[in-house]
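See structure below.
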Amino acid sequence: MKLLKSLALATLILAVAAPAASARKEKKKTYNHVTVEIPKVEKTVIPVETEHTQLVLMVQENGVLQTLHYGIRIADPQAFKDFRTLRSHDNGSGPMAYPTTGGRYIGEPALHVKYADGYHNTQLYYTGHDVRRNGNVVTTVVTLKDYVTLLEVKLVYDAYQKEDVICMHSEILNGSKQAVELQNYASGSLYLDADKFYLTHFHGGWADEMQMDGEVLTHDTKVIESRRGTQATQCNNPSFLVSLNTDRLQENTGEVVAGALAWSGNFRLSFEMDESNRLNILAGISPFASAYTLSAGQTFTTPDFIYTFSGRGAGQASRNLHAWARNYGVYGGGQVNPTLLNSWEGAYFTFTTETLLRMIDDAASMGLEMFVLDDGWFAKDYPRNNDDAGLGDWEVNTAKLPEGIDYVASYAHEKGLKFGIWIEPEMVNPKSNLAHAHPEWVVQSPGREMLQSRNQWVLDMSNPAVQDFVYGIFDNTMQLAPNIDYIKWDCNRIVSDFGSEYLGGDQDRFYVEYTQGIYNVMRRLRAKYPDTIVQCCSSGGGRVDYGALKYFNEIWTSDNTDALTRVYIQYATNLIYPACVMASHVSAVPNHQTGNVTPLKFRFDIACSGRLGMELQPKNLTEQERALADRCIKSYKQYRDLVFTGDVYRLASPYDGDYYALMYVSQDQSRAVVFTYCTKYQNRAIGGHPFRMDGLDPARKYKVTELNVNRSCWWGSGKTHAGDFLMNGGFNPLLLQTFASAVFYLEAE
Ligand code: GLA
């Protein structure tokens, strides 16, 4: 047995020793009877570094660019220059930085191109690289080329130093004289080496988004893909965490790579563990029905693949992503957005001007800062009194609101509130003037039934005329009253039977150009309306991704407003997306989605861990409930900057037990807010539950105060405690009942 092993090893070593010589011999390549020269290159290490992490790219002698390391930053990355593995080339290529179909590569390709002559092979060789520094961001661009087909790929890595985040994308240039077809065109590839990989990802459905799922990866390929077109993230999300050498996700220990794709359309993440146990992660636009024709001289730019490495568990990975998101990834990230009352669950489609004015009165008297008029305010010929008519006809329904929007908005402004309004611009009801005027704008496939969902059709955003129209909806809505402060942009169905009259014979472009169409519109709108707060809603969390968040300030996390379900949705959302984007509303009980009855305090304490809002009819609250609401809203204002800008520390996962706890700590560690919740009745013998606070300065003393109660559930409330005491088990609030919850505010002395 031993002998066999050493024989096998000898063969492997021989196989490794061989390529250097054969690479030199293979220098000349013959293609269609043409011989091309592959220029000789020097072995070169290209480190892509942040303060604590490092991606080591390596140009091999044969010109192939490989990924040799992603993890903790090593002081001298040049040490990788002589790094060898015993991998036999007979079994395919090494870890190519951007694997392509062709040559020895037999795994999942980042890039798969079909050329005009019908051939599918692409072999990319290094031609040069360039490093630029712009403050906190170091950009490395590596250029690769196929000398036969003249296809060129630029790999662009933006390394965010302080945040320890790398964003990469590719730019694919067709340097040939004929069109080529991109069949796979991922944004990037990431190779990881470990004995075991535990993948955490997200699944769900309407009103049940972002449920955590996980598994130890086995050999072959795990794919997470959305083919929904619009609402791409309702059932899964273009994001993940991979924990190395473990079979579970750990909050504070272990190596974790977390990543996300900035794309709001069909996406594909693949995790391929090959026969050498190496994991290749690819993230990109889904190639489903989307082979992309690239004409001669044209470049396709893929969306960003954002990733981070943490040597201290999922917690640090989230903090890295959140910091990047606040500083770069989210429109208006890090800004504190107003609390609000949204009309939807309190009034649905049934309201008059009077209903809205009284809701505004109540919102103002409770200390909320904005009123948002949701669905139901528009369309005259086909009034929007339920969800089967009106979408597309964006004029005020004066039968319902005779005084117009201006009147309501001005009333809100007089009361000191901001004003927001709902639109769903990508959609049309068959019962609308728009559907009659522009049937060709509807996504459809000729001769087939135009399938409806929520009684509506999707408008073809790949068509520039539709983009102009959608731009106009937003723009005109903004003119309905001076100072509209907030737009809720909704998108309530998926694409089915896709087809675009505009694209004619090139339907493969539909899904990509639909998403690019939204981005085109948002870019134009942001140029004109830089300060408007825009919420990204898609039946709740159907469009939760960093592509959308470049333009939107926040997401409607879920249509599910039940505080208990929100525990799980918000916990998981927060693994990838920061609290500042997470809209969270207090609604009525029994909850309209689940029927659950939870205490008002529990509902507030959940909503206050994100961007607080209310979504109910305030006049239905009792006096006692109003008093509690006033108190919770007031105290939220005292600490909400921590929710929007602080670092999150998750203290207990509801997926692991009956408690959920998290805290946000200011960057200077002088203030913090701690949220604790219990989801199940606890045996009285258990007593106080010890949570370990985190992120505090161990040496500093903090005054801890439980908020919004007359008697605290923790013996230590109102007193001063050392950071190390709070972080090592001294904090044990009594949370014995189902839906018990407590919020604590910490201030350093
Ligand atoms: C979607 C949204 C809700 C609400 C309704 C209005 O379901 O997610 O918040 O705006 O549409 O029709």
Side-chain angles (χ1 to χ4, degrees), residues 204-210 228 230-235 264 340-351 355-356 359 370-379 382-394 397 400-401 419-429 431-432 452-459 473-474 477 486-494 533-545 548 552-562 565-566 569-570 573 581-588 591-594 607 610-617:
W206 175 74
D208 191 35
E209 299 87 343
M210 290 297 276
R228 299 164 65 84
T230 48
Q231 302 206 311
T233 71
Q234 195 95 64
C235 300
S264 310
L340 60 87
L341 175 67
N342 175 297
S343 67
W344 182 239
E345 285 197 20
Y348 291 109
F349 292 104
T350 315
F351 53 81
T355 321
L356 304 181
M359 286 178 102
M370 178 155 68
F371 178 72
V372 178
L373 173 54
D374 209 282
D375 200 352
W377 59 267
F378 55 92
Y382 301 90
R384 181 77 174 168
N385 290 326
N386 53 50
D387 65 15
D388 86 346
L391 284 177
D393 299 351
W394 297 96
N397 178 1
K400 201 174 199 172
L401 300 174
F419 180 79
I421 194 162
W422 179 95
I423 55 174
E424 194 184 356
E426 297 157 71
M427 300 286 161
V428 58
N429 283 121
K431 288 188 202 158
S432 67
Q452 295 179 28
S453 237
R454 207 193 190 209
N455 310 307
Q456 66 199 53
W457 291 324
V458 183
L459 292 177
I473 293 169
F474 189 117
T477 304
Y486 176 103
I487 295 275
K488 173 174 173 178
W489 177 307
D490 213 337
C491 170
N492 281 318
R493 65 160 288 184
I494 62 166
I533 302 168
V534 189
Q535 182 185 73
C536 186
C537 173
S538 182
S539 300
R543 196 176 267 164
V544 177
D545 66 83
F552 292 85
N553 302 68
E554 61 172 34
I555 52 165
W556 180 222
T557 318
S558 176
D559 267 356
N560 194 329
T561 56
D562 170 23
T565 328
R566 277 296 184 115
I569 295 174
Q570 294 187 184
T573 301
V581 305
M582 212 162 59
S584 194
H585 295 178
V586 173
S587 61
N591 179 267
H592 295 187
Q593 292 79 40
T594 63
R611 195 277 288 135
L612 170 67
M614 293 184 80
E615 191 163 329
L616 43 64
Q617 176 49 272

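Note that these values count all heavy atoms, side chains included, but never hydrogens, waters or copies made by symmetry. Both counts, for ligands and for their atoms, begin at 1 and track the order of listing. Quantities reported herein were computed from a predicted structural model and do not represent experimental measurements.
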Inset, instruction - Return the orientation label for the F552 and W489 ring planes: parallel under 30°, perpendicular over 60°, tilted otherwise. - result: perpendicular
Legend entry - Nearest atoms (heavy-atom pairs only) where T230 meets C491: CB-SG, 3.8 Å
Inset, instruction - Not counting sequence neighbours, which residues clear salt bridge (Lys or Arg N to Asp or Glu O under 4.0 Å) with R493? List them please. - result: none
Inset, instruction - Compare all side-chain heavy atoms of T557 with those of V581 and state whether any distance is below 4.5 angstrom. - result: no
Inset, instruction - Output the set of protein residues with a heavy-atom contact under 4.0 Å to ligand 1, ordered first by chain identifier and then by residue number. - result: W344, D374, D375, W422, R454, K488, D490, N492, C537, S539, G540, W556, D559
Inset, instruction - Please state whether the rings of W344 and F349 are parallel, tilted or perpendicular, taking 30° and 60° as the class boundaries. - result: perpendicular
Inset, instruction - Determine whether the side chains of D374 and S343 contain a donor N or O and an acceptor N or O closer than 3.5 Å. - result: no
